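Okay, here's the structure, questions in a sec.
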Protein chains: 2
Amino acid sequence: MQTLRERKKRRTRDALLRAAVELFTSRGYEATTVDAIAEAVDVSQRTFFRYFAGKEEAALGLVELTVERFVQAVRERPAHEPPLEALRQAVLDGWSSINEVVESVVPVELYLRMYRVIESTPVLLAAYLRRSTEVEETLAAVIAEREGLDVDADPRPRLAVAVFSGVMRVTERQWVAQEEGEFSLAGIRALTSRYLDQVGPALLGDWREA
Amino acid sequence: MQTLRERKKRRTRDALLRAAVELFTSRGYEATTVDAIAEAVDVSQRTFFRYFAGKEEAALGLVELTVERFVQAVRERPAHEPPLEALRQAVLDGWSSINEVVESVVPVELYLRMYRVIESTPVLLAAYLRRSTEVEETLAAVIAEREGLDVDADPRPRLAVAVFSGVMRVTERQWVAQEEGEFSLAGIRALTSRYLDQVGPALLGDWREA
DNA sequence: AGGCTAAGGACAGCCACTGACAATTGACAA
DNA sequence: TTGTCAATTGTCAGTGGCTGTCCTTAGCCT
């Protein structure tokens, strides 16, 4: 077991993250001041900034949890799987196990609602997309290693990951735009599979005969 | 000919954009205050914000010029070209004709340097990526219309554009990372073609026999 | 128990951005 | 030409995100 100090720090951070997510999802991101978040946890504004580099980081904190998990899942995929297959399975598994990752901080429902806040808040969406490109870079390295290639010599790892990520973006975008019914974990998994299956057809020359 | 007022406005905007780009590329984005830009043009800070929604918008002003041109180029591609071919040609043509679009505001050299500033400044990169997704949405609509499809019924237009954009991102990223020699208009055109040609191979299952 | 160090609070200040109001200046008709 | 109207700009005050500094508090460890 950790020391008291460490436990306290973890609790403060979780409390800040939870308060931030609750305020963002209820009042909106822009309408929530950092002061309000700090006040909700009863710490000074300065303390908030000691735990999060900025308001954005608190808003993307939940996503970050799942991102790390996803990258790890890709690493652990069986070596015989082709790159795109490994990515596909890792994503699908990731969506299935979100519960375990997120639940300790906030209920999954809030996680989903936070996704919509991100997508509908320009500055958050921007930050999210930038973070995604960082993840792409990491994934490209992982894929390259799996295939025994040099990322900087062979463009295929980066290209494959970029294509995959592009499809994931389209998927998420369509997902959050859906009605309450389809906006669920089952919904995103179904969409993911459907869209990945459509990549091949989408790249063929003539769409009219597909 | 336009009225004196309109000409004055245009001149003020161009001057602000020019001053912004010059300061961003020489001192860096974060190190440049809006006050400094306004002062360089001898207008009040308030006036700057009347022309640009924020510092970001001024930084992306040059890119915006070329984006509009690119979308237009896609629209004007011959109808018989398959989607990806139309996009490819439009991009390549776009890089060729940048001179004409940009030169009226700043020398092309500054345009290229600004690209590097964007790529190396987190908040700018984020804003750029978000803008790119907006462009993707527009392109998807254009492509869908070319093919006589409904964007919301058929996922292929969005997927094709997303894949294409993903490849463009990787291309740009590699491009700005290059040495001064390859960091040129000829360089980006060559990279673009090369990477687009590698998409097919990158999506195949087994890379070892390609 | 007491010294050491990590964590938090208080305070001051910078900068991006906005609303409101007043002053200026071009447009346009009498 | 001149007077009126409207668009453009400047000034000022204020908000909110974020940072540096300094001091206090509180867990840690001998």
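Note that this is a predicted model, so its numbers are computed, not measured. What you see below is based on every heavy atom in this structure, not just the backbone, and it leaves out hydrogens, waters and symmetry mates. Numbers restart at 1 for each chain; the letters A, B, ... are given by sequence-line order, proteins then strands.
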task: State which residues pass ring-ring contact (aromatic ring centres under 6.0 Å, His included) with B:Phe164; sequence neighbours excluded, sorted by chain then number.
output: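 Listed in chain order: nothing, the list is empty.
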
query: Rounded to whole angstroms, how far apart are CG on A:Leu4 and P on C:dA6?
result: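 Computing the A:Leu4:CG to C:dA6:P distance gives 16 Å.
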
message: Test your reading of the model: is there a side-chain donor-acceptor pair from B:Trp175 to the backbone of B:Val170, 3.5 Å cut-off?
response: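 Flag not set: sc B:Trp175 to bb B:Val170 has no pair under 3.5 Å.
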
query: For B:Phe48 and A:Asp42, take the nucleotide of DNA chain C holding the closest heavy atom to each; which residue's nucleotide lies nearer the 5' end?
result: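 Taking each residue's closest nucleotide, the earlier one in sequence belongs to A:Asp42.
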
message: Checking A:Arg113 now: which residues fulfil salt bridge (Lys or Arg N to Asp or Glu O under 4.0 Å) with it, not counting sequence neighbours?
response: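 Applying salt bridge (Lys or Arg N to Asp or Glu O under 4.0 Å) to A:Arg113 gives none.
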
message: So A:Ile118 and A:Tyr29, do their side chains get closer than 4.5 Å, heavy atoms only?
response: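 No, too far: nothing below the 4.5 Å cut-off.
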
query: Roughly, in whole Å, what's the span from CZ in A:Phe49 to P in C:dC11?
result: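 My rounded result for the distance is 18 Å.
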
- prompt: From the list D:dG10, D:dG17, C:dG9, which nucleotide is the closest neighbour of the side chain of A:Thr47?
  reply: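 Given the options D:dG10, D:dG17, C:dG9, the side chain of A:Thr47 is closest to C:dG9.
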
message: Using 0.5 Å steps for rounding, measure from the CD1 atom of A:Ile143 to the CD atom of A:Glu136.
response: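 Rounded to the nearest 0.5 Å, the CD1-CD separation comes to 12.0 Å.
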
- prompt: When you measure from the side chain of B:Lys55, which nucleotide among C:dA16, C:dG8, D:dC18 comes out closest?
  reply: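 Output: C:dA16.
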
message: Between C1' on C:dC15 and CZ on B:Phe52, what's the gap in Å once rounded to a whole number?
response: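 The distance from CZ of B:Phe52 to C1' of C:dC15 comes to 19 Å, rounded to the nearest Å.
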
Atom-to-atom span, NZ of B:Lys8 to P of C:dA27 - whole angstrom: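 It is 9 Å, rounded to the nearest whole Å.
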
field: Results of salt bridge (Lys or Arg N to Asp or Glu O under 4.0 Å) for A:Glu22 - residues two or more places apart only
entry: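 Per chain and number, A:Glu22 pairs via salt bridge (Lys or Arg N to Asp or Glu O under 4.0 Å) with no residue.
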
- request: For A:Val41, enumerate each residue passing the side-chain contact (heavy atoms from CB on, under 4.5 Å) test, keeping only those at least two apart in sequence or located in another chain.
  value: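 Checked A:Val41 against side-chain contact (heavy atoms from CB on, under 4.5 Å); matches are A:Ala15, A:Leu16, A:Ala19, A:Val43.
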
task: Write down the distance between CZ (B:Arg13) and C1' (D:dT9), rounded to a whole number of angstrom.
output: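 So the two atoms are 17 Å apart, to the nearest Å.
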
Write out a two-atom table: protein N or O, nucleotide N or O from nucleotides 6-8 of chain D, distance below 3.5 Å.
unit_1: D:dA7; atom_1: O4'; unit_2: B:Arg5; atom_2: NH1; d: 3.3
unit_1: D:dT8; atom_1: OP1; unit_2: B:Lys9; atom_2: NZ; d: 3.1

- request: Look at the side chain of B:Arg146 and the backbone N and O of B:Arg77, then say whether any donor-acceptor pair between them is shorter than 3.5 Å.
  value: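 Flag set: sc B:Arg146 to bb B:Arg77 pair under 3.5 Å.
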
query: What is the distance from CD of B:Gln45 to C1' of D:dT9, rounded to the nearest Å?
result: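 Rounded to the whole Å, the gap is 13 Å.
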
query: Does a side-chain heavy-atom distance below 4.5 Å link B:Arg158 with B:Glu137?
result: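 When only atoms from C-beta onward are counted, B:Glu137 and B:Arg158 do touch, with a gap below 4.5 Å.
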
- prompt: Taking CZ from A:Arg46 and C1' from D:dC23, how many angstroms apart are they, rounded to a whole number?
  reply: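 Atom CZ in A:Arg46 sits about 14 Å away from atom C1' in D:dC23.
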
Interface with DNA chain D, restricted to residues 25-36 of chain A and to heavy atoms under 4.0 Å: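 DNA chain D contact set from residues 25-36 of chain A: A:Thr32, A:Thr33, A:Val34.
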
query: Roughly how many Å is it from CD1 in B:Ile37 to C1' in C:dC17, rounded to a whole number?
result: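 Computing the B:Ile37:CD1 to C:dC17:C1' distance gives 13 Å.
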
